[in-house]
Structure formats: C-alpha cells, structure tokens
Amino acid sequence: MAINLKTPEQIEGMRKAGKLASEVLEMIGPHVVKGVTTDELNQICHDYIVQQQGGYPAPLYYGGNPYPAPLDEMGKILEPVRADGFPKSVCTSVNDVVCHGIPNKKPLKNGDIVNIDVTVIKDGFHGDTSKMFVVGEATPQAKKLIKITQESLYLAIDMVKPGARLGDIGHAIQKYVEKHGYSVVREYCGHGIGEVFHEEPQVTHYGRPGTGVELQEGMTFTIEPMVNSGKRNVKLNRKDGWTVTTKDRSLSAQWEHTLLCTADGVEVLTKRQEESF
Ligand code: MF3
Ligand code: CO
Ligand code: CO
C-alpha cells in the first residue's frame, strides 16, 4: 500500500493542527500539580481545544459511532454516542500506564509521572503530541527514565530526512534505550497522520538496520517511543478496553511529536516553545 505524500496545502493544514496540539501541552503544564485529578486535566484540555482553538479532541469517541461526536460550541456532547469509543478527550497515562490511560477521579500525588497525549483535529487535519509531566518531585530513577525516553525521541527526529529508513530509526531508538537498561514497547507504535488519525506507515521504535520504509519529502508521521524501566511486556485492561500497563508494574514513559519529512530533513510540526531542533 502506498503512503500518501502531502501537498503544500495539506502541509499548511498539518502545521496549524500541530501548533494547536503543542499549545495544549504548553497550556496544561501549570495545572499538573498534586491533588488535581486527570478528569479535571481532561476537562481543561477539552474546553481549551473546543472553545479557544475551534478544534475537536481526536481521542473523544475514537473508535465509536458517530465519530467525531457532535458537540455544541461550548463543547457539550449533543447526542449520546453509541459503541465503545475512547471516552475522554485526552489520554493520561500515570506511572505504570504505558499509553491510552483514561482520565479519572483519582487525585495525582507527589512523585507521580504523567504522560498527557493530545491530538487536535483542526479543519480536518490532525496534530498528535505528548509529553511527560512530574507531579512535585519524582525519584531520580523516574527522572532518568523520562530523560532517556525524550532523548530517544530526539535522536530519532535527528535522523529524519529523505532516504532514511524506518528500520534504522527504530533500531537507533532501541539501541539507545536498551543501553540504559530500559526496554521498548513493541505492541504500539508511531504512525502516518494527516486527514486520517492513524495511517501508513507504522513507525516502530525497534527495528533492523537497512530495512523498512524509505522516507520521502512530504510524508507526515509521528514518532512516540514508549519505554519501560522493567520488562517490555504490556497488558491491556480488559474491563475498560483501553488502558495499557506494564506487565511487571514497572514505570513507563512516552514522548511524541508529529513530523514532516522535508527536502533536506525534518520539520517538527508539534514543537513547543521550550524546544529547538
Ligand atoms: N494519541 C494516541 C496516539 O499517539 C492515540 C490515542 S487513541 C485513543 O496515537 F483512542 F486512545 F485516544
Ligand atoms: Co500518535
Ligand atoms: Co498521541
């Protein structure tokens, strides 16, 4: 199957959506403090995306029907949504939750590490990005896991240019992570993105050098390594159908950006102000 290359007009749409997603992460940072619930963080992000950005939070009812769910201009859901789509507007993955954590009523406590994964749909285009937040003071071990995971994303981003192969990028992430004694989750990966949330290619965070899709100018995709401090194995919560945790209950971290492969390298469509590439 062919990977769809974006036109200049589509790229402009991706830039706008990416910028909005990054701004949600910048906005929510100061709210991630001891005692707040992930439900409250979800509501703040939801209202910001719908009311301030004129966007739609892509996780909301993802996998459900109808999708996207009809909202009024205040962001209230206008009709009940059938089927079992994701029930909230962002994913919040705390401590041993690897990804797709569902916001809930449990207050965050000192030392928790939290990934907030935001995807904004704006004018039909998706911007998908996540970062780790620390509640109060984390342990040195947790801080190191977060740092190595972020560095693995950054070294992968540095490799993006036409002709680079996804197997090489995955291998580089895996090698860096494993060198530090951590493991890479295999069951979930990055993905092509555009007018569709998850499209080809699959972007694995492990791989064999010299294999896989060759990047081309105009491809837009995410890289979003999930790194465990213990073993790589994960388990899916069969009751809620979404929450993925480490099987050994070890801590897990994740960072994500949406990227454009340009003529001579990469444009980070979800870059935050604190970052430079
Ligand atoms: N944002 C996630 C990703 O990076 C996908 C979340 S889908 C949801 O691909 F339904 F769980 F929200
Ligand atoms: Co993604
Ligand atoms: Co995401």
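Residue numbers count from 1 along this sequence. Note that ligands are numbered from 1 as they come in the structure, with each ligand's atoms numbered from 1 the same way.
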Show which atoms of ligand 1 fall inside a sub-4.0 Å distance from at least one heavy-atom site of [X].
X	answer
Glu224	3 (C), 4 (O), 9 (O)
Phe197	1 (N), 5 (C)
Thr119	1 (N)
Pro59	12 (F)
His198	3 (C), 5 (C), 9 (O)

When the ring centroid of [X] is compared with that of [Y], is the distance short of 6.0 Å?
X	Y	result
Phe197	Tyr62	yes
His205	Tyr188	no
His46	Tyr56	no

Within the 4.5 Å heavy-atom criterion, are [X] and [Y] side-chain neighbours or not?
X	Y	result
Cys189	Tyr206	no
Ile28	Ile116	yes
Thr119	Pro59	yes

Is any NZ, NE, NH1 or NH2 atom of the basic residue among [X] and [Y] found under 4.0 Å from an Asp or Glu carboxylate oxygen of the other?
X	Y	value
Asp39	Lys88	yes
Asp248	Lys231	no
Lys6	Glu199	yes

**Study point:** the Co ion (ligand 2) reached by His191 (N, O or S, under 2.8 Å)
**Key:** yes
Review point. Does Tyr188 come within less than 4.0 Å of ligand 1, judged by its heavy atoms?
Key: no
Exercise for review: Would you check whether Lys88 reaches within less than 4.0 Å of ligand 1, judged by its heavy atoms?
Suggested key: no
Review point. Are there more than 12 heavy atoms of other residues, nucleotides or ligands under 6.0 Å from atom CZ of Arg249?
Key: no
Check your understanding: Protein N/O/S atoms under 2.8 Å from the Co ion (ligand 3): how many?
Key -> 4
Review point. What protein heavy atom is closest to atom 7 (S) of ligand 1, reported as residue, atom name and distance in Å?
Key: Tyr62 CD2, 3.8 Å
Check your understanding: Which protein heavy atom lies closest to atom 2 (C) of ligand 1, and at what distance to 0.1 Å?
Key -> Asp117 OD2, 3.4 Å
Practice item. Please report the shortest heavy-atom distance between Asn228 and Leu145, naming the atom on each side. Key: C-CD1, 4.2 Å
Review point. For atom 3 (C) of ligand 1, which candidate among Asp128, Thr129, Thr258 holds the nearest heavy atom?
Key: Asp128
Revision key, fill the gap. Under 4.0 Å between heavy atoms, the region of Cys91 that gets near ligand 1 turns out to be side chain
Practice item. For the pair Tyr154 and His257, name the ring-plane relationship: parallel under 30°, tilted 30 to 60°, perpendicular over 60°. Key: parallel
